[in-house]
Amino acid sequence: MEEAKAFAPGRVEVLGNHTDYNGGVVLSAALELGVEASARRLPGGRVELQSEGMGGVEGFERGGGFVRSGKWTDYPLGVAEMLAAAGAEAGGFSISFRSTLPSGAGLSSSAALEVATAVALLRLYPLPMGRMDVARLCRRAENEFVGVNCGLLDQASSVFGRRGHLVFLDCRSEGVEAIPFPEGLGLLVVDSGVKHALVGGEYNERREQCFEAARRMGVAALRDASGAQLEAAAVPELAKRRARHVVGENERVFRAVEALRRGDPRVLGGLMVESHRSSMGNFENSTAELDALVDFAVSQKGCLGARLTGGGFGGSIVALVEEGSAQRVLEDVVSGYRERTGNRAKGFFCRPWDGALPDEIR
Ligand code: GLA
């Protein structure tokens with residue numbers, strides 16, 4: 001193809017915090033908001049990238065490979081580099097991006113940018129690949145080219161999302177299942193307005209503490225540990241608290257999936273609240289602003305539960321709400337938050353949406 005378009009959504013993590021890089025399980029939803037890519041082939045190894053609101057066209061030559069610059073262009077270039085390494089024709093291309101996702105809100109605008117690039121380039125320069133291969137390749141671009149140690153959650157959610165369903169991802173087996181999302185309910189995503197910077201050291205520090213706990217317990221990953229095993233093990237106090245969060249999150253995800261299958265969404269709401277408490281006390285990845293948003297949300301009628309979503313240390317919360325109450329809950333949360341913290345929160349209501357490749361590539 002000479003020209004191609006692609007769309008990849010952002011995601012909201014519904015339950016299963018910091019479980020992905022611990023071989024665990026997570027429940028997420030793709031959003032209707034995301035990144036659109038319009039691509040065309042260019043002759044030779046010329047590469048041109050442009051993004052609305054990010055200045056003019058940035059030009060590159062394929063030559064001996066791209067060099068990381070610390071700018072937004074690292075994400076698409078990293079993907080192009082990984083595709084070439086996987087055997088795709090390393091031809092020239094131009095891509096123009098448009099994003100409807102707020103950046104810095106913890107909704108994975110970077111994964112959306114990677115996945116939109118991968119899908120557009122695969123349409124220009126085809127290479128047989130399964131959907132999980134695409135997610136994995138985008139994660140590799142972020143880990144190895146951009147230099148962020150994220151797990152698989154963001155990219156897999158952006159690829160596999162399905163309208164009216166949650167993505168249930170098992171990061172050990174890399175299996176994905178679509179779990180029907182209850183009718184009459186939706187997700188309220190509220191951005192605290194406090195900047196979220198994943199490249200910061202906190203994320204990597206938590207990751208190391210989780211790995212340390214697993215090492216001390218003699219297991220390959222925290223996925224292999226039960227709560228009782230962890231409590232009985234000789235693990236330093238801080239690492240133990242971090243691990244308690246992750247082990248608890250895995251258990252909560254399994255319980256939530258069971259409850260959703262039985263048609264009991266209230267259980268999911270309660271587990272989201274437990275998850276947030278564990279973030280506050282065990283993982284310490286919440287902030288006063290996120291705590292305030294969760295407090296205001298869960299005290300509203302029509303809200304079944306709420307928690308911070310994504311890496312933490314700022315960003316957004318997600319609340320499970322009755323569709324009919326969503327607007328009122330949002331307004332009350334925003335105004336209560338403004339009074340308590342002086343900050344302006346922004347939010348939106350959504351139902352799970354389609355990923356970039358809901359069923360196109362198997
Ligand atoms: C960020 C990372 C994900 C995941 C979450 C926490 O969003 O990019 O891989 O680790 O934090 O669950």
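Numbering of ligands and ligand atoms starts at 1, following listing order.
Of all atoms in ligand 1, numbered sequentially from 1 with element shown, those under 4.0 Å from a heavy atom of His18 are 6 (C), 12 (O). Counting atoms of ligand 1 from 1 in the listed order, those under 4.0 Å from a heavy atom of Asp20 are 3 (C), 4 (C), 9 (O), 10 (O). For ligand 1, the atoms sitting less than 4.0 Å from at least one non-hydrogen atom of Tyr203 are 1 (C), 2 (C), 3 (C), 4 (C), 9 (O), 10 (O), 11 (O), numbered in the order shown with element in parentheses. Atoms of ligand 1 found under 4.0 Å from any heavy atom of Glu13 (numbered from 1 in listed order, with element): 5 (C), 6 (C), 12 (O). Taking every heavy atom of Arg11 and a limit of under 4.0 angstrom, the matching atoms of ligand 1 come to 7 (O). Atoms of ligand 1 lying under 4.0 Å from at least one heavy atom of Gly310, given by number and element, are 6 (C), 11 (O).
Here's the thing with Tyr21: none of its N/O atoms is less than 3.5 angstrom from an N/O atom of ligand 1. Polar contact with ligand 1: absent for Cys150 (N/O pair, distance under 3.5 Å). Residue-to-ligand polar distances place Gly151 within reach of ligand 1: an N/O pair is separated by less than 3.5 Å. Distances between N or O atoms of Thr19 and those of ligand 1 include no value under 3.5 Å.
Side-chain atoms of His276 and Asn17 include no donor-acceptor pair closer than 3.5 Å. Looking at Arg11 and Ser158, their side chains never bring a donor and an acceptor atom within 3.5 Å of each other.
Of the possible polar contacts, none joining the Asn282 side chain to the Ala243 backbone as a donor-acceptor pair under 3.5 Å is found. No donor-acceptor distance shorter than 3.5 angstrom exists from the side chain of Thr341 to the backbone of Arg338, with no hydrogens or angles considered. Put simply, the side chain of Arg216 never gets that close to the backbone of Ala234: no donor and acceptor are under 3.5 Å apart.
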Report the C-alpha distance between Gln50 and Glu58 in whole Å, list the side-chain angles of each, state the deciding distance to 0.1 Å, and finish with yes or no for side-chain hydrogen bond (donor to acceptor under 3.5 Å, both in side chains). CA-CA 6 Å; Gln50 186 174 23; Glu58 305 261 0; over 6 Å; no

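Legend: residues meeting ring-ring contact (aromatic ring centres under 6.0 Å, His included) with Trp72, ordered by chain and number and at least two apart, are Phe97.
The pair Arg40-Glu2 does not meet the salt-bridge criterion, since no charged nitrogen lies less than 4.0 angstrom from a carboxylate oxygen.
Within the 4.0 Å heavy-atom shell around ligand 1 one does not find Arg206.
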